[in-house]
2 protein chains.
Amino acid sequence: MARPALTREEVLAAAADLVRQHGPQTLTMRKLAAELGTAVTSIYWHVGNRESLLDALVERTIAELGEIRPVGRTPAGRIVSVARALRRRLRDHPHLVAMVHERGLTERMFLPAQQALVHEVHAAGLRGARAADVVRAVQFQVVGHLLVERNHERAPAQHPGEEELWGARTAEEDPALARTLARAIDTEKLFVLSVKALVAGLLTGASDGASDSGSGPGADSGDRTVSRAPYPQ
Amino acid sequence: MARPALTREEVLAAAADLVRQHGPQTLTMRKLAAELGTAVTSIYWHVGNRESLLDALVERTIAELGEIRPVGRTPAGRIVSVARALRRRLRDHPHLVAMVHERGLTERMFLPAQQALVHEVHAAGLRGARAADVVRAVQFQVVGHLLVERNHERAPAQHPGEEELWGARTAEEDPALARTLARAIDTEKLFVLSVKALVAGLLTGASDGASDSGSGPGADSGDRTVSRAPYPQ
DNA sequence: ACCTGAACACCGTTCAAGT
DNA sequence: ACCTGAACACCGTTCAAGT
């Protein structure tokens, strides 16, 4: 009976499965062929090569993302809800997200959320470059947190040195803190906490002036010249 | 003349150089051997294998990090300065940072900054789990931003679809925003902006209660059960 | 103690040849 | 139109053999 004809869809599905489980590094054309019960070279006829196979998976991930609708009463709350909704969608496919990212397509993946965010930021009364900054900051926050998180899970028990290094200086002074830092991180809780703080800070304009903070010439900012007009035009 | 005797240091230095320039993927044992003018197998004698070679590079990166001293007048400013200092140190070796991260050693790399941060967070009047949250949030922020940034640079001209997709709906309503989102990102500025906002939000406790925001049952938080006591003990 | 080439098992990919 | 095996150039790694 040979085989009921190999299709491109079949190849993509099998590849997506392998990637979802073990990441892209472990996906070899030969293993994929074995999984599908065909010759390696058949795959090449359907998808070109390994690189465009992964491209197709990434493209598919982006397409499947769908629209994001904000929820909540306050502008800040609605912005946070967009961040959480996006995160929830991406969290199931951490490897895919990393791949999207590696291909420099983060912006495109982020578009549905961006649409929603712009609307909410406008509702919060911001316009122009300031509004754009908020959108970008949230984008970096969501994606960054996801990337950090992905590899954090891979190293569950952090190296034992930590607790010892902490024990010495901090343990007796603030045992609750030392204990918390030694424990595993609840990434979901940390994310919500961070986004809320970030959004609150952005909307209240806490990040505007060089009001406080060590961003003067004496500070560690030193070499990098960041001194342009904060919001030109 | 043959060769003035291959040393482990020499191997590590050459490897670090290749990684710094083109990332770890392009580092092959054979290319490294060619670079050093020795047989491939000689390298194995000095460093074991490719994996432990990369491990050694990572270890070295962490060790070279050094202490971080806060600068600034306000607690928030000093916390921001720690984030910026850490970022500046890591920014020159983005590949190395990613490698540290992949090996799950982020925590250890972050330790010098953590020491400084704990001190400043205490100075800001926070203790226990709340203090730990601030430390963690800043850690994720710095590393996450760096990771996002690393791959962002690799895709300088974002796909053209962006401006078009934006043009339609937003362009006439808020042209300044559309223009900014279409432009390349000034990652340094975005980082400073974000950290300031995050720290401000964290210190003012903006992320505490379910006060506003859509984190109620009606929100998109839906499935994940995040409902524990916010700060047990 | 240090270096070497040959050899093995694994890659991705091409190509001529089949049906 | 679709599938195949052989072959090529590249990997990381091992090992017996050199000095």
Side-chain angles (χ1 to χ4, degrees), chain A residues 1-61 95-96 98-100 102-104 154, chain B residues 1-61 95-96 98-100 102-104 154:
Chain A
M1 46 172 75
R3 252 204 120 271
L6 188 62
T7 77
R8 181 183 156 89
E9 289 310 307
E10 212 176 339
V11 174
L12 290 181
D17 237 48
L18 288 180
V19 168
R20 187 163 7 245
Q21 291 175 28
H22 313 288
Q25 307 94 332
T26 70
L27 174 72
T28 79
M29 301 300 268
R30 285 175 153 95
K31 270 200 285 190
L32 182 55
E35 187 81 14
L36 289 163
T38 48
V40 207
T41 41
S42 303
I43 297 177
Y44 281 84
W45 195 92
H46 285 284
V47 298
N49 55 24
R50 196 185 114 101
E51 197 51 27
S52 45
L53 165 58
L54 295 182
D55 283 346
L57 291 186
V58 162
E59 212 59 55
R60 181 172 281 216
T61 307
H95 295 304
L96 267 300
M99 286 167 61
V100 169
E102 271 159 27
R103 275 142 231 271
R154 233 188 289 181
Chain B
M1 44 174 85
R3 253 205 118 272
L6 187 63
T7 78
R8 181 183 157 87
E9 288 311 306
E10 211 176 340
V11 174
L12 290 181
D17 237 48
L18 290 180
V19 167
R20 191 168 359 250
Q21 290 175 28
H22 312 289
Q25 307 94 334
T26 70
L27 175 71
T28 79
M29 301 300 269
R30 286 175 153 94
K31 270 200 286 189
L32 182 56
E35 187 81 16
L36 289 164
T38 48
V40 207
T41 42
S42 302
I43 297 177
Y44 282 84
W45 195 91
H46 285 285
V47 298
N49 56 24
R50 196 185 114 101
E51 198 52 25
S52 45
L53 165 58
L54 294 182
D55 283 347
L57 291 185
V58 162
E59 212 59 55
R60 179 172 282 216
T61 306
H95 296 304
L96 268 301
M99 285 167 61
V100 168
E102 272 158 27
R103 275 142 231 270
R154 233 189 289 181

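The shown structure was predicted, so the numbers you read here are calculated from the model rather than taken from an experiment. So you know, we letter chains A, B, ... as the sequences are listed, proteins then strands, and number each from 1. We use all heavy atoms of the structure for the numbers below, so side chains are in, but hydrogens, waters and symmetry mates are not.
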Trainee: Classify the side-chain pair A:Asp55/A:Ser52 by whether it contains a donor and acceptor separated by less than 3.5 Å.
Mentor: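 No - no donor-acceptor pair under 3.5 Å links their side chains.
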
Trainee: Measuring from A:Met99:CE to A:Leu57:CG, what's the distance to the nearest 0.5 Å?
Mentor: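 The CG atom of A:Leu57 is 5.5 Å from CE of A:Met99, to the nearest 0.5 Å.
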
Trainee: State the dot-bracket string of DNA chain C. Criteria: Watson-Crick or G-U wobble, both atom distances under 3.5 angstrom; notation: ( ) intrastrand, [ ] crossing earlier pairs, | interstrand, . unpaired.
Mentor: ||.|||||...|||||.||

Trainee: Ignoring backbone atoms, establish whether A:His46 has a side-chain N or O less than 4.0 Å from OP1 or OP2 of D:dC3.
Mentor: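 Yes, such a contact exists.
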
Trainee: Can you tell me how far CD of A:Glu102 sits from NE2 of A:His95, rounded to the nearest 0.5 angstrom?
Mentor: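 The distance works out to 11.5 Å.
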
Trainee: Kindly compute the distance separating CG (A:Leu12) from CG (A:Leu54), expressed to the nearest 0.5 Å.
Mentor: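 So the CG of A:Leu12 and the CG of A:Leu54 are separated by 10.0 Å.
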
Trainee: When you measure from the side-chain N and O atoms of B:Ser42 to the phosphate of C:dC2, is any distance below 4.0 Å, counting only OP1 and OP2?
Mentor: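 The answer is no; no side-chain N or O of B:Ser42 sits under 4.0 Å from OP1 or OP2.
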
Trainee: In whole angstrom, what separates B:Leu6's CG from C:dA1's C1'?
Mentor: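 These atoms are roughly 13 Å apart.
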
Trainee: Could you give the CG-to-P distance, from B:Leu36 to C:dC3, as a whole number of Å?
Mentor: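 The distance from CG of B:Leu36 to P of C:dC3 comes to 11 Å, rounded to the nearest Å.
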
Trainee: For A:Trp45 and C:dA16, what is the distance between atoms CH2 and P respectively, to the nearest whole Å?
Mentor: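 Taking CH2 of A:Trp45 and P of C:dA16, I get 18 Å after rounding.
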
Trainee: So how far is it from A:Glu35 CD to A:Thr38 OG1, rounded to the nearest 0.5 Å?
Mentor: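 The distance works out to 10.5 Å.
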
Trainee: How close or far is atom C1' of C:dC3 from atom CZ of B:Arg8, stated in whole angstroms?
Mentor: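 Taking CZ of B:Arg8 and C1' of C:dC3, I get 17 Å after rounding.
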
Trainee: Could you write out each protein N or O paired with an N or O of nucleotides 9-14 of chain D at a distance under 3.5 Å?
Mentor:
| residue | atom | partner | partner atom | Å |
| --- | --- | --- | --- | --- |
| D:dG12 | OP1 | B:Met29 | N | 3.1 |
| D:dG12 | OP2 | B:Met29 | N | 3.1 |
| D:dG12 | N7 | B:Arg30 | NH1 | 2.4 |
| D:dG12 | O6 | B:Arg30 | NH2 | 3.2 |
| D:dT13 | OP2 | B:Tyr44 | OH | 3.1 |
| D:dT13 | OP2 | B:Arg50 | N | 2.9 |

Trainee: Let me confirm one number: the CG-CD1 distance from A:Leu32 to A:Ile43, rounded to the nearest 0.5 Å.
Mentor: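 Reported value, rounded in 0.5 Å steps: 4.0 Å.
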
Trainee: To the nearest 0.5 Å, what is the distance between CD on A:Glu9 and CZ on A:Arg60?
Mentor: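 The CD atom of A:Glu9 sits 4.5 Å away from the CZ atom of A:Arg60.
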
Trainee: Under 3.5 Å, is there a donor-acceptor pair between the side chain of B:Arg50 and the main chain of B:Leu27?
Mentor: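 Yes, B:Arg50 side chain to B:Leu27 backbone: donor-acceptor pair under 3.5 Å.
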
